[in-house]
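Shown next, in structure tokens, is the structure this report addresses.
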Amino acid sequence: MLDKNYDAKSVEPRIAKAWDDANAFAAGAGAKPDADPFCIVIPPPNVTGSLHMGHALNNTLQDILTRYKRMLGQNVLWQPGMDHAGIATQMVVERKLAEEGKRRTDFTREEFVEKIWEWKAQSGGTIFNQLKRLGASCDWSREKFTMGEKGEADDPMVQAVMKVFVDLYNEGLIYRGKRLVNWDPHFETAISDLEVENVETEGHMWHFKYPLADGATYEYVEKDEDGTVTLRETRDYISIATTRPETMLGDGAVAVHTDDERYAPIVGKLCEIPVGPKEHRRLIPIITDEYPDPDFGSGAVKITGAHDFNDYMVAKRNNIPMYRLMDTKAAMRADGAPYAQDAARAMEIAKSGNTPDENTVDAINLIPDDLRGLDRYEAREKVIEQITSEGLAIMVPETDPRLGPVKAALAPEEGGEVSALVPLVEKNKMQQPYGDRSKVVIEPMLTDQWFCDAETLAKPALASVKEGRTEFVPKSWENTYFNWMENIQPWCISRQLWWGHRIPAWFDDAGKFYVAMHEAGAQAQAGEGVALKRDEDVLDTWFSSALWPFSTLGWPKHTDALNTYYPTTVLSTAFDIIFFWVARMMMMGLHFMKDEDGRGIEPFKTVYIHPLVRDKLGQKMSKSKGNGIDPLETADEYGTDALRFTLAIMAVQGRDVKLDPQRIAGYRNFGTKLWNATRFAQMNDVVTGEDFDPATATYPLNRWILTELGRAAAEVTDALERYRFNDAAGAAYRFVWNTFCDWHLELLKPVFNGDDEAAKAEARAVAGYVLDQIYALLHPFMPFMTEELWQQTAAKRDTLLCHADWPVAEVNDEAAAHSINWLIELVSEIRSARSEMNIKPSLMVPLVVANGDNETRALFDTHSPAIERLARVESIAFADSVPDGAAQIVVGGQTICMPLAGLVDFDAEISRLEKDLKGIEKDIAQAQGKLNNEKFVANAPQAVIEENQARLADRQDRKAKVSAALKRVRSFQRG
RNA sequence: GGACGAUUAGCUCAGCGGUAGAGCACUACAUUGACAUUGUAGGGGUCACUGGUUCAAUCCCAGUAUCGUCCACCA
């Protein structure tokens, strides 16, 4: 006999061990011979990670699919593994060192990397243990790590990365170059576009004068739309607006729009950057380009090619030198020659118009000596101060509307004096780029990096989805994918970190590099005796993640696993890594995995995008907000199965999951319900674990529940196949609680209490069979409790539940369904009438069937014990007319009475019948209206017309009976 | 600036051309019988708004409003 309560805490570890001991989740375990493969590669959690609700959701859904397919007998592999997560891991370990008062740079690179390996060995398994607690049925023996066992060069996981790099390089799809990249000054590394978050911040825009060289002047004319002159003055400067004054030091030109007439007179002339020691002020040319917007600011833009992406393009187009101003920490450069010397050098360049090669330019340090080494924001303040004090800021009255609401409020109210002049500093909302990990402002920086030609790789990846070889679920995400892939930029794959796959390129002293799988290969290319040094950089973490669907299966070796499980079946992930990961797996998979005809093979057939978990208010869960719900704490409190079931039933397509702990409690109750249903079965000697052929059942009740079971199983199956987890869980829930527990078990009670031994025997067998099927049906959602019930309710089982057969519909008996549904309706109607007429639940009432037809009599015959018990009926009689003083209900076209003179509240009965009648009349009016409408009859499908006709007939019949009932009650009350 | 999604019961959400559903919450009743982590019954909705298509619209189309998310952005 089961314990009174399900104790998740003691059951879960025991069941987990049973699975483990049986190797139940090994690739192909439980598969039927020649079964189709089914493979999911887990989105590898960060080695630093610990389980959060998003993991819990995604892995629960993957586990549901995996367990379901395994029970179907497919050849299943759920491939687990972890990601080395370059920046994130380095960050965690550095933080740990900081606690000991140490820094990364206190160690050599080798020592530091070793520390990370130590750390991984020590606590890297945390998240896997957490996933196991969740019940994740991965083949844990196949666990992989993106860096391999120990990061050794000959480790297959490392080899895969090296081979991909080398092959792509040799194909010209990876190249090296000096480009403007997003630079993270905190981690001192380049990052990709995707790792930059744009955050709207309150910024400022300063307006400065760039004086024309040699005191030149020009006529500055502004016109309105009609061409009327609104301003005409002689200027000896050009006005520039900037949000980043500190970058003025690296300006290479001032650009105006090609058609901007205001500046036409001075195009080609030189102007002076108004900062730095006067004697070394640099002159830069005024050029034209399509980029400046004449309507924004002054229409003139300073061009700082090394610190702004737009400027970079302009500078490249116009061969303008790009002067790098900052070091890796985004402090103003302190290296190189003294300012006087380099400034003079830059001056020559500007005058000559011949820009030297990029390395020569990069060596020039244009930071004035007093600003060298300053943080970029300190430098900004100084630059502003210097320019302003020199009188080169654009000055406006305090009332100028561009100064924003604060300044405008200071305007004199009584139109008196003209306000003082103040520097024009506009407040403006701007998007500021932040590093997604470091949370510091990203600096565009001109550096040497490795790039991957994503555009070329994206083309087949785009076609695969366009042509349906890989499908997104929900489909709407395909647009997101297309949009990004169609506008894809070169992918910066190098990182200036210590933790990661080191780039397989070796440099000689001249700076020439050789790309090869191993140093020996590079040496061979360079020639003997040439001193080589390996590139210090590592690869972007996502570079190795992109290989996950085939590297985990053994590629570049042609392993059995690779042959069997690639392409994988479905990838389940969150939308926010479609770009980071999904798109790149598509690119790499298609490029490196080819069929016999040389056509690329997609890494997965389906990409299921799961919803995001938010808190009950719809806020994203985050540590900083403190609104996170910890999945393991939740599992401790309610049981893992309750959490899993909640996540599944809330996982709707196309909408986020707002998780309210109350819901979890609700589904914990569902588990308890099933547990107790099993206890009830045990108390009544129900037999589980037997071979029972449902087709042999004869009693309507049994055939009905088998019919309902089949329908539920079909519904769950269909929903799972379509990744509609909420529908699947909901169908199972309704069947178990509302059909099996509420009705079937209740209807069994009179059978078990009766003395028809044959009926009892079949009822026991069927109930046992249904319970076994329920365990199976719920197993993917609630693996622990169902496995426990499966084992506890039978002395011996042939298999673990996780390898049992998935339920299929075996009985479909319309007649039995009709019979029991009539019974359910009758009982419900009687209960409802009793309740509304305030008949005490304890009171047993007599039932009189007036003018009952043969079918009705037969139904009463069959079901009288159930009716008596469930509706609390003391007797059932048949009569030719309705007795006086009776409550009356209409079920199946028959009037059924409860003669309860003296006990029935007739006012209540009248209002009940009136309400009933009103509803019926409304139905009649609607159906009648439709059927009287010629257009409806002419256009509506026959089935709909018939449905309305049937409804009308039924309601008219009901109306007659209910009206008659009402009439009788009224006359009885009067009489 | 572009794109996508949402708007249905008090709350959280399903549904989606053919008479509006669930869970929670709420109300009333039931107490030793598998289960109070329960049972029975009940109340509660112009399906955001405005047009259009249709015999028929919560559902399809167009527009509006509000909210959310993503992408791209102006020095």
Side-chain angles (χ1 to χ4, degrees), chain A residues 2 4-6 198 205-207 240-244 247 254-255 291-293 295-304 308-311 314 428 430-431 474 476-477 479-480 483-484 487 575-576 578-579 612 614 616-618 620 638 642 646 649-650 652 654-660 662-663 665-684 724 726-727 730 733-734 738 741-742 745-746 749 753 827-828 831-836 838 840-842 870 872 919 922-923 925-927 929-930 933-941 943-945 947-948 951:
Chain A
L2 291 177
K4 184 137 181 28
N5 281 306
Y6 172 66
N198 288 309
M205 194 155 73
W206 290 267
H207 294 251
I240 304 286
T242 180
T243 54
R244 306 208 47 201
T247 65
V254 167
Y291 163 64
D293 175 2
D295 297 326
F296 187 85
S298 67
V301 189
K302 67 192 213 52
I303 300 301
T304 320
D308 181 280
F309 285 96
N310 287 309
D311 292 6
V314 178
N428 69 339
M430 46 186 268
Q431 297 286 336
S476 56
W477 289 109
N479 284 328
T480 305
N483 189 34
W484 190 68
N487 299 298
F575 76 87
D576 51 355
I578 290 176
F579 305 147
L612 230 54
R614 297 172 180 278
K616 64 175 179 179
L617 301 172
K620 210 169 167 171
Y638 302 102
T646 307
I649 207 163
M650 296 192 74
V652 173
R655 194 176 228 187
D656 294 339
V657 170
K658 288 186 202 161
L659 191 62
D660 183 344
Q662 252 186 338
R663 289 293 290 262
Y667 295 115
R668 185 260 330 260
N669 297 354
F670 174 60
T672 308
K673 189 76 182 174
L674 176 63
W675 186 263
N676 281 301
T678 300
R679 290 185 73 225
F680 170 78
Q682 288 190 325
M683 288 171 189
N684 289 283
R724 309 205 40 130
N726 62 317
D727 288 339
Y733 179 96
R734 284 191 300 277
N738 303 125
C741 292
D742 287 350
L745 292 187
E746 291 304 322
K749 285 175 183 172
N753 293 338
V827 170
S828 299
R831 284 170 171 171
S832 179
R834 290 178 58 124
S835 167
E836 285 188 41
N838 303 316
K840 275 195 196 141
S842 56
L870 269 60
R872 304 196 62 74
K922 198 178 139 206
D923 284 358
Q926 274 185 12
K930 281 193 179 174
N933 181 342
E934 282 171 31
K935 286 184 173 172
F936 173 76
V937 178
N939 291 308
V944 175
I945 295 171
E947 191 190 322
N948 276 278
R951 185 180 297 137

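Reminder, nothing fancy here: chain letters follow the sequence lines and each chain counts from 1. Hydrogens, waters and symmetry mates play no part in the numbers below; they use all other heavy atoms, side chains included.
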- Message: If you only use heavy atoms from C-beta on, which nucleotide in B:rA34, B:rU69, B:rG18 is closest to the side chain of A:Asn676?
- Response: B:rA34
- Message: Working note: A:Phe680 + A:Leu745, criterion side chain to side chain contact (heavy atoms under 4.5 Å, CB included); need CA distance, chi angles, decisive distance, verdict.
- Response: CA-CA 8 Å; A:Phe680 170 78; A:Leu745 292 187; 3.9 Å; yes
- C1' gap between B:rG43 and B:rC29, integer Å: 15 Å
- With sequence neighbours excluded, what pairs up with A:Ser832 under the side chain to side chain contact (heavy atoms under 4.5 Å, CB included) test? A:Glu836
- Nearest of B:rA34, B:rU12, B:rC74 to any side-chain atom of A:Arg679? B:rA34
- What is the distance from CG of A:Asn939 to C1' of B:rG17, rounded to the nearest Å? 14 Å
- Item | Residue closer to the 5' end of RNA chain B, A:Arg663 versus A:Ala677 (nearest nucleotide) | A:Arg663
- Report the distance from atom CD1 of A:Ile945 to atom P of B:rA56, rounded to the nearest whole Å. 14 Å
- Rounded C1' spacing from B:rC16 to B:rA56 in Å: 15 Å
- Separation between the C1' atoms of B:rU31 and B:rU40, rounded to whole Å: 13 Å
- How does protein reach along nucleotides 39-48 of chain B, written 5' to 3' as B (base within reach of a heavy atom under 4.0 Å), S (only sugar-phosphate), or - (no contact)? SSSSS-----
- Given B:rA75, B:rC55, B:rU37, the nucleotide with the shortest approach to the side chain of A:Lys302: B:rA75
- Message: Taking only the C1' atom of each, what is the distance from B:rC59 to B:rU8 in whole angstrom?
- Response: 11 Å
- Looking only at atom P, what distance separates B:rG42 and B:rC35, rounded to whole Å? 25 Å
- Message: For A:Tyr733, give me all partners under ring pair (Phe, Tyr, Trp, His ring centres under 6.0 Å), at least two apart in sequence or on another chain.
- Response: A:Tyr667, A:Phe670, A:Trp737
- Message: For A:Lys4 versus A:Asn676, what's the shortest heavy-atom pair and its separation?
- Response: O-OD1, 4.0 Å
- Query: For A:Lys935, does its backbone N or O pair with a side-chain atom of A:Asn939 as donor and acceptor, under 3.5 Å?
  - Reply: yes
- Query: Quick one: on RNA chain B, does A:Gln926 or A:Ala681 contact a more 5' nucleotide (nearest heavy atom)?
  - Reply: A:Gln926
- Task: Please report, rounded to the nearest Å, how far the C1' atom of B:rA75 is from the NE2 atom of A:His207.
- Result: 10 Å
- Query: A:Asp923 has an atom CG; how far is it from atom P of B:rG18, in whole Å?
  - Reply: 16 Å
- Query: Quantified in whole Å, what is the C1' atom distance between nucleotide B:rU46 and nucleotide B:rU50?
  - Reply: 14 Å
- With sequence neighbours left out, the residues meeting side chain to side chain contact (heavy atoms under 4.5 Å, CB included) with A:Asp576 are A:Ala574
- Query: Under 4.0 angstrom, heavy atoms only, what part of the nucleic acid is A:Ser476 near: base, sugar-phosphate, or nothing?
  - Reply: nothing
- For the side chain of A:Arg663 and the backbone of A:Met650, is there at least one donor-acceptor N/O pair under 3.5 Å apart? no
- How far, in whole Å, is B:rA6 from B:rC47 if one measures between their C1' atoms? 14 Å
- Inter-nucleotide C1' distance (B:rG44, B:rU27), Å rounded: 11 Å
- Task: Please lay out, stage by stage, how A:Gln926 and A:Lys930 fare under the test side chain to side chain contact (heavy atoms under 4.5 Å, CB included).
- Result: CA-CA 6 Å; A:Gln926 274 185 12; A:Lys930 281 193 179 174; over 6 Å; no
- Within this structure, what is the CG-to-P distance between A:Asn487 and B:rC71, rounded to whole angstrom? 13 Å
- Task: Could you provide the dot-bracket string of RNA chain B, using ( ) for intrastrand pairs, [ ] for crossing pairs and | for bases paired to another strand, with Watson-Crick or G-U pairs below 3.5 Å?
- Result: (((((((..((((....[..)))).(((((.......))))).....(((((..]....))))))))))))....
- Task: Would you mind reading off the distance between A:Asn483 atom CG and B:rC71 atom P, rounded to a whole angstrom?
- Result: 10 Å
- Checking all strands, does A:Asn933 fall into the base, sugar-phosphate, or nothing category for heavy-atom contacts under 4.0 angstrom? sugar-phosphate
- Task: Check every strand shown and say whether A:Ala940 touches a base, only sugar-phosphate, or nothing at a heavy-atom separation below 4.0 Å.
- Result: base
- What does A:Asn310 touch in the nucleic acid at a heavy-atom separation under 4.0 angstrom: a base, only the sugar-phosphate, or nothing? sugar-phosphate
- Message: Quick one: does any side-chain atom of A:Arg724 pair with a main-chain N or O of A:Val652 as donor and acceptor, under 3.5 Å?
- Response: no
- Qualifying residues under salt bridge (Lys or Arg N to Asp or Glu O under 4.0 Å), relative to A:Lys749, sequence neighbours excluded: A:Glu746
- Message: Once rounded to the nearest 0.5 Å, what's the spacing between atom CG of A:Leu612 and atom CG of A:Asp656?
- Response: 5.0 Å
- Atom-to-atom span, CZ of A:Phe936 to P of B:rA57 - whole angstrom: 12 Å
- Task: Give a yes/no on whether any side-chain N or O of A:Lys658 is located under 4.0 angstrom from OP1 or OP2 of B:rC11.
- Result: no
- Message: Looking at A:Lys4, I'd like to know whether one of its side-chain N or O atoms comes within less than 4.0 Å of OP1 or OP2 on B:rC35.
- Response: yes
- Determine yes or no for a side-chain-to-main-chain donor-acceptor pair under 3.5 angstrom, with A:Arg831 supplying the side chain and A:Leu870 the backbone. yes
- Under 4.0 angstrom, heavy atoms only, what part of the nucleic acid is A:Gly299 near: base, sugar-phosphate, or nothing? base
- Query: With sugar-phosphate meaning primed atoms plus P, OP1 and OP2, does A:Val944 contact a base, only sugar-phosphate, or nothing at under 4.0 Å between heavy atoms?
  - Reply: base
- Message: Just the rounded figure in Å: distance from C1' of B:rA22 to OH of A:Tyr733.
- Response: 9 Å
- Query: Would you say a side-chain N or O of A:Arg724 is under 4.0 Å from OP1 or OP2 of B:rG15?
  - Reply: yes
